[in-house]
Amino acid sequence: MPPDLPREFWTGERCFITEIFNREDYPEVSVARTRVEPGVTTELHALSVSEWYLIESGQGRMYVGDDEPRNVAAGDVVSIPKNLAQKIENTGEIDLLFLCLCAPRFTTECYRSLE
């Protein structure tokens with residue numbers, strides 16, 4: 001892989017992230033790809049920015065705030081308002097892949113663990 005392409009990295013959130021677009025000079029939005037392995041549930045957390053998950057492949061169960069958990073699969077979009085507790089569980093047998101769009105852009109200061 002050429003060195004200028006984004007690389008996937010492991011996070012303490014129990015998933016892999018690839019930063020696709022996240023630049024200080026473009027603070028309005030960021031885009032990342034997330035990969036959750038089968039049987040894994042991400043860390044319960046909240047962001048101080050709005051977020052959307054666009055499910056690309058796999059299947060899972062999404063938890064947002066006090067809403068009933070909902071099953072998600074390829075083609076689904078999940079809207080996560082800022083400051084609401086959230087996590088996602090991979091309920092399938094393959095990796096769960098989804099794009100995360102944050103507005104304004106994600107920074108580490110946005111993230112708050114709830115575990």
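One finds the CD atom of Glu43 at 15.0 Å from the CD1 atom of Ile88 (value rounded to the nearest 0.5 Å). Taken to the nearest 0.5 Å, the CG atom of Leu54 stands 10.5 Å off from the CZ atom of Arg33. Residue Lys82 holds its NZ atom at 10.5 Å from SG of Cys110, rounded to the nearest 0.5 Å. The SG atom of Cys15 sits 11.0 Å away from atom CG of Leu97, with the distance rounded to the nearest 0.5 Å. Once rounded to the nearest 0.5 Å, the distance linking CZ of Arg14 with NE2 of His45 reads 10.5 Å. Note: Phe106 CZ to Ile17 CD1 = 8.0 Å, rounded to the nearest 0.5 Å.
No path of Ile, Leu, Val, Met, Phe, Trp and Tyr side chains, each step under 4.5 Å between heavy atoms, connects Leu47 with Leu101, placing them in separate hydrophobic clusters. The hydrophobic clustering, which links ILVMFWY residues whose side-chain heavy atoms are closer than 4.5 Å, places Phe16 and Val40 apart. Linking ILVMFWY side-chain heavy atoms closer than 4.5 Å, directly or via other members, places Ile55 and Met62 in a single hydrophobic cluster. Under a hydrophobic-cluster definition in which Ile, Leu, Val, Met, Phe, Trp and Tyr are linked whenever side-chain heavy atoms come within less than 4.5 Å, directly or via other members, Phe98 and Leu84 are assigned to the same cluster. Val77 is connected to Val31 through a chain of hydrophobic side-chain contacts under 4.5 Å among Ile, Leu, Val, Met, Phe, Trp and Tyr, so both are in one cluster.
Identified under the side-chain hydrogen bond (donor to acceptor under 3.5 Å, both in side chains) test for residues 67-77, with sequence neighbours left out: Arg61-Asn71.
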Would you sort out whether Gln86 and Glu51 count as a side-chain contact (heavy atoms from CB on, under 4.5 Å), showing the intermediate values? CA-CA 10 Å; Gln86 62 168 296; Glu51 186 173 28; 3.0 Å; yes

Report the C-alpha separation of Glu93 and Gln59 in whole Å, then their side-chain angles, then the decisive distance to 0.1 Å, and conclude whether the side chain to side chain donor-acceptor pair (under 3.5 Å) test is met. CA-CA 8 Å; Glu93 296 181 9; Gln59 59 188 28; over 6 Å; no

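Counting heavy-atom neighbours within 6.0 Å of Glu24 CD, excluding the residue itself, gives a total of 12 or less.
A salt bridge links Glu8 to Arg35: one of the charged nitrogens lies within less than 4.0 Å of a carboxylate oxygen.
When all heavy atoms are compared, the tightest approach of Ala85 to Leu114 is CB-CD1, 3.5 Å. Minimum heavy-atom separation, Asp95 to Pro38: OD1-CD, 3.3 Å. Nearest heavy atom pair, residue Pro81 against residue Val64, reads CD-CG1, 4.4 Å. In plain terms, the two heavy atoms of Cys100 and Thr34 that are nearest each other are SG-OG1, 3.2 Å. The heavy-atom pair separating Pro27 from Pro104 by the smallest distance is O-CB, 3.3 Å. Among all heavy-atom pairs drawn from Asn83 and Ser48, the shortest one is OD1-CA, 3.6 Å.
A perpendicular orientation is assigned to the rings of Tyr26 and Phe21, their planes being inclined by more than 60° (bins at 30° and 60°).
Side chain of Glu115 to backbone of Leu44: a donor-acceptor contact under 3.5 angstrom is found. A donor-acceptor pair under 3.5 Å is formed between the side chain of Asn90 and the backbone N or O of Val36.
Within the 4.5 Å cutoff, the side chain of Val29 has no heavy atoms near those of the Cys102 side chain. No side-chain heavy atom of Trp52 sits under 4.5 Å from any side-chain heavy atom of Ile80.
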